[in-house]
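Comments concern the structure below.
Bear in mind that the values here come from a model prediction, so they are computed numbers and not experimental data. Here is the naming used below: chain letters follow the sequence lines, and residue numbers restart at 1 for every chain.
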Amino acid sequence: MSNLQPARGTHDILPDEMRAQRRVVDIAGAVAERYGYEFMATPIFEFSQVFKRTLGDTSDIVTKEMYTFTDKGDDEITLRPENTAGVARCYMSQGLAQKAPVRFFYAGPMFRYERPQKGRLRQFHQFGIENIGIPGAFADIEVIATGARILDELGVADKTVLELNTLGDGESRDAYRTVLVEYLENRIDELSKESRDRLNRNPLRILDSKDEGDRKVVAEAPVFSDYLNNTSRAFFDEVREGLAALDISYRLNPRLVRGLDYYSHTAFEFTTEYLGSQGTVMAGGRYDGLIGMMGGPATPGVGWAAGIERLAMLCGEAPAARRPIAVVPVGEEARMPALKLSEELRRAGYRVDLGHSGNLSKRMKRANKVNAAAALIIGEDELARGAATLRDLDSGEQEEAPLASLVDRLARFR
RNA sequence: GUGGCUGUAGCUCAGUCGGUUAGAGCACCAGGUUGUGGACCUGGGGGUCGUGGGUUCAAUUCCCAUCAGCCACCCCA
């Protein structure tokens with residue numbers, strides 16, 4: 001058994017779970033389209049540089065979580081740990097600046113070498129949207145609104161909370177960073193070991209530490225909002241105004257810091273308390289610096305990504321599979337006519353379960369097991385009359401119907 | 001990567017203070033019903049008790065290691 005196990009942190013997705021995930025993607029995609037987004041995909045692997053250059057040398061994702069290997073052509077390849085960098089790369093290599101602004105959504109597998117837990121897999125799936133080319137706050141507002149609308153239509157809005165923060169522009173962040181590091185250095189012996197390590201690499205992260213000692217120090221730390229310049233402040237105000245206008249409620253969380261380096265201004269997360277410590281269900285923000293970091297022209301962008309598994313878990317029970325019509329032949333001479341009838345019904349749009357063995361009783365059992373809405377029985381008698389027996393499997397009522405009228409007769413079971 | 005809990009049939013779980021054929025419910029298969037499913041009845045198949053090693057006359061049970069899942073940290077979707 002041991003070597004038949006799927007690799008650590010991966011798992012098979014069987015139909016029940018697949019339906020749940022598919023529903024998430026279908027609903028999210030349908031909503032995203034209403035907001036002007038179009039479905040697209042980038043490759044599952046890219047040159048490692050795509051991620052290394054953009055996600056930041058200090059991020060955990062780059063430093064310890066990437067699936068990177070050298071392929072037979074000696075290229076250094078990485079399985080994508082997220083999709084924003086890939087979309088940005090695509091934006092440049094496809095010359096999409098010509099078509100800016102662009103709005104894309106994607107769905108697919110991502111890979112991160114982490115210690116697995118429920119809701120945290122090494123191969124997991126994300127649905128995300130990217131809005132590239134719009135510098136103004138309206139883009140941020142619409143991006144958040146798209147996410148909120150999706151959560152609402154999935155029926156999980158009341159299980160999630162939107163947390164919002166601003167990271168300001170580069171100037172504001174640099175100014176704050178300097179002051180913060182200075183403050184933290186003065187109280188360095190009160191900080192946890194992890195936070196001391198983070199002090200140089202990524203001091204903003206310390207604001208989000210769960211360590212008690214750290215929290216005490218953080219509580220008295222200088223506040224970012226005091227260091228926002230006018231531009232950054234005005235931007236954030238407009239975002240908040242827009243959310244208010246759309247009745248999207250949120251909770252300001254000044255400690256909300258995105259893990260990746262390319263973010264600026266708006267940062268947000270939809271979180272839930274129903275999933276244990278894997279509570280982030282959808283997260284994103286503005287990444288005006290990203291395309292520049294990849295060597296392209298300064299290009300604004302906003303987006304978010306959502307964990308499909310996490311959303312599906314939040315949604316609870318998977319939707320039921322579509323109920324088929326069971327076609328059951330009786331006797332050898334009915335097999336071929338049953339095959340032809342099945343084909344005809346399928347062409348007409350029905351889902352058909354054609355049993356392949358067993359007597360009538362066994363096939364009826366199977367019809368029941370696959371949750372068929374109706375059974376069509378064709379045997380010698382029916383064949384002689386060019387008809388089939390149509391049995392409603394819920395009520396148990398049955399009648400004989402001429403083959404020619406079947407497609408219509410079945411309409412109520414569609 | 002750190003700390004902890006768990007691992008017995010396809011699933012959910014009993015059980016063995018170390019002892020001979022390891023159980024239940026559900027699921028599955030067959031029959032009761034060779035032109036009628038769901039309910040019911042009868043019977044049946046399925047486990048090297050996660051894997052490897054150690055202790056022992058004897059290990060599914062104790063010990064160690066390992067793998068996997070889960071929880072918290074970490075990180076995040």
Interatomic distance, F413(A) CZ vs G37(B) C1' [rounded to whole Å]:
14 Å

In the structure shown, which nucleotide is the Watson-Crick or G-U wobble counterpart of U16(B), with both distances under 3.5 Å?
none

Whole-Å distance between C70(B) C1' and K118(A) NZ?
8 Å

Please tell me if T280(A) has a side-chain N or O lying less than 4.0 Å from either OP1 or OP2 of A77(B).
no

Determine the Euclidean distance between corresponding C1' atoms of U2(B) and A59(B); express it in Å to zero decimal places.
32 Å

Using whole Å, report how far CG of L393(A) lies from P of G37(B).
11 Å

More 5' along RNA chain B: K64(A) or G119(A), using each one's nearest nucleotide?
K64(A)

Among A77(B), U36(B), A30(B), which nucleotide sits nearest the side chain of Q398(A)?
U36(B)

Taking a pair to mean Watson-Crick or G-U wobble geometry with both distances below 3.5 Å, G25(B) pairs with C11(B)

Between D26(A) and R23(A), is the closest basic N to carboxylate O distance under 4.0 Å?
no

Pick base, sugar-phosphate or nothing for L121(A), based on heavy-atom distances below 4.0 Å to the nucleic acid.
base

Is the closest basic N to carboxylate O distance between D392(A) and R412(A) below 4.0 Å?
yes

If each of N368(A) and R115(A) is mapped to the nucleotide of RNA chain B with the nearest heavy atom, which maps nearer the 5' terminus, i.e. the 5' end?
R115(A)

Does a nitrogen or oxygen in the side chain of K369(A) sit under 4.0 Å from OP1 or OP2 of C29(B)?
yes

Who does A59(B) pair with, Watson-Crick or G-U, both distances under 3.5 Å?
none

Regarding G9(A), tell me which of base, sugar-phosphate or nothing describes its non-hydrogen contacts under 4.0 Å with the strands shown.
sugar-phosphate

Under 6.0 Å between ring centres, would you say that holds for Y37(A) and F105(A)?
no

From the list E38(A), E130(A), E142(A), side-chain hydrogen bond (donor to acceptor under 3.5 Å, both in side chains) with R103(A) holds only for E142(A)

Among G35(B), C74(B), G37(B), which nucleotide sits nearest the side chain of Q278(A)?
C74(B)

Is a side-chain donor or acceptor of Y350(A) paired with a backbone partner of A411(A) at a separation under 3.5 angstrom?
yes

Mind checking who U2(B) pairs with, Watson-Crick or G-U wobble, both distances under 3.5 Å?
A72(B)

For nucleotides C57(B) and A72(B), find the distance between their C1' atoms and express it as a whole number of Å.
45 Å

Protein-nucleotide distance (L360(A), atom CG; G32(B), atom P), rounded to Å
14 Å

Whole angstrom is fine here: how far is it from OH in Y113(A) over to P in G1(B)?
5 Å

Using a heavy-atom cut-off of under 4.0 Å over every strand shown, decide if D394(A) touches base, sugar-phosphate, or nothing.
base

Which value, in whole Å, describes the distance between the P atoms of nucleotides C11(B) and G54(B)?
30 Å

Roughly how many Å apart are U6(B) and G15(B), using the P atom of each and rounding to a whole number?
14 Å

Between G45(B) and A39(B), how far apart are the C1' atoms? Round to whole Å, please.
24 Å

If you look at every strand shown and take non-hydrogen atoms under 4.0 Å, does G128(A) touch a base, only sugar-phosphate, or nothing?
nothing

Between R391(A) and E399(A), does any side-chain N to carboxylate O distance fall below 4.0 Å?
no

Could you measure between the two P atoms, the one in G31(B) and the one in U36(B), and give it in whole Å?
14 Å

Could you give the distance separating G23(B) and A9(B) at their C1' atoms, to the nearest angstrom?
10 Å

OP1 or OP2 of A77(B) sitting under 4.0 Å from any side-chain N/O of R310(A)?
no

Taken to the nearest whole Å, CD/Q5(A) to C1'/U51(B) is 9 Å

Distance between C1' atoms of U48(B) and U8(B) (Å, rounded):
13 Å

Starting at CZ of R120(A) and ending at C1' of A72(B), how long is that distance when rounded to a whole Å?
10 Å

Who does U51(B) pair with, Watson-Crick or G-U, both distances under 3.5 Å?
A65(B)

Counting just side-chain N and O atoms, does R8(A) come under 4.0 Å of either OP1 or OP2 of U66(B)?
no

